Amino acid sequence: MKTSFFINNRAKFAENMEDYSLAIFFSGRAPRETADQYYEFSVDRNFYYLTGISRENMVLLISKISGKITETLYIPALDEHFEKWYGILMRKEEAAEVSGIKSIRNRNDFIDELFQGINSNRPDNLYIYSYLTDPDEPSDSYRNLANLLRKNYPALNIKNSLDIMVELRSSKSEEEVEEIKKAITYTKEALEFVMKNLKPGMYEYQVRANFEYQLMLKNSKPSFQTIAASSENAVILHYVDLQRRMEDGDLILLDLGALSNNYASDITRTYPVNGKFTQRQKDIYNVVLEAQEVIISAMHPGALEADVNNKVKDYFAKELKKLKLIKDDSEVSKYFYHSFGHPLGLDVHDYRRRDKTIQENNVYTVEPGLYIKEEGIGIRIEDDVWVKKDGIINLSKDIIKTVNDIENFM
Ligand SMILES: [Mn+2]
């Protein structure tokens, strides 16, 4: 993505900061997995959004003092030993070029320089970032920093940058949507490989392997843990066990996605393992497929998420009665027990706005599903859509999903 995008994001963030404030963003570090191994590093998405850099152990400091904005990026100092073992560290010149930030400093000097800055500029506020409020959540860099500052500067207000980030990140630019589209194309091509190779007798984990192998060939990777849920496993929304051997006549629900420059796709398709739906599977499948249209026609800038949910619930209630699965509308939650979708972007479950409305330029998933455990049927169909003033653009419409198209392809 272009440097101008990240420069502009910082400018918009600074515009929304109160005067006499500092804001801090950490790029994060990979958590430890075992004694001497770490999980694969995944950059903090706010840090990426504001810098364009996906590297560990960096800090962005934005200061707004008497209306004057200053940006400083702290990056790890050069380290010969580290580079012999793990790889080449980012140079100051490169960090400046990618981010457009002129002042690049050593990571080790961050705390000292932060304290000096507070002492000389006497800001009122310091913005950290906090999303989850689970008291059992392990402490992170933000909490540690907030605690340190509270101890040293008890009168400094600690503020949350979350609301500014929600506002900025939920409205997607053309450039961001291009990345999501690329992530959708990787998903489409990998799904086609999966369909061609799907057959009874395979294990669910082998379906995952086929999907992720295709992403890796494109230098992409999954945007979340691949869900490959056959038969009644598909009634578990986030099923990741993947141990079942699939049989003739099963359906398999695949909820998966890819990354492109940290932007995610999130797609679900449900296929007959042997390439042909039974009549019953077809009937239920078409009800779910039609539910996507019900959702899309209820979505528009300003719409309340709750209203969209109610419309699809009403639709399902009507259809489930026709299918003789329920007698009363109140029973719909036995077979449909999640919401119509969620915002999508740098996070797979991207920020929901605090007012729970859908706004222009938001990207959402549209993912109705019906889960009929007693029949071993779980069907979800999920597309990614972009909300525009004059209508909804389905970004993943090219990933085939009608009964005929699926059967013909397989
Ligand atoms: Mn989803």
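Because the structure is predicted, anything quoted here is derived from the model rather than measured. Note that these values count all heavy atoms, side chains included, but never hydrogens, waters or copies made by symmetry. Atoms within each ligand, like the ligands themselves, are counted from 1 in listed order.
When distances from the Mn ion (ligand 1) to the N, O or S atoms of Asp266 are compared, OD2 comes out shortest. Taking the Mn ion (ligand 1) as reference, Glu382 places its N/O/S atom OE2 nearest. The Mn ion (ligand 1) is closest to atom OE2 of Glu367 (considering only N, O or S atoms).
Within the 2.8 Å limit, His342 places at least one N, O or S atom next to the Mn ion (ligand 1).
Looking at Asn219 and Tyr186, their side chains never bring a donor and an acceptor atom within 3.5 Å of each other.
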Where do Arg353 and Glu167 land on the side chain to side chain contact (heavy atoms under 4.5 Å, CB included) test, with the steps shown first? CA-CA 7 Å; Arg353 296 170 50 85; Glu167 200 57 40; 3.4 Å; yes
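Ring geometry for Tyr86 against Phe82 counts as tilted: the plane angle lies between 30° and 60°, on a 0 to 90° scale.
Between Glu15 and Lys12 there is no salt bridge, since no side-chain N of the basic residue sits under 4.0 Å from a carboxylate O of the acidic one.
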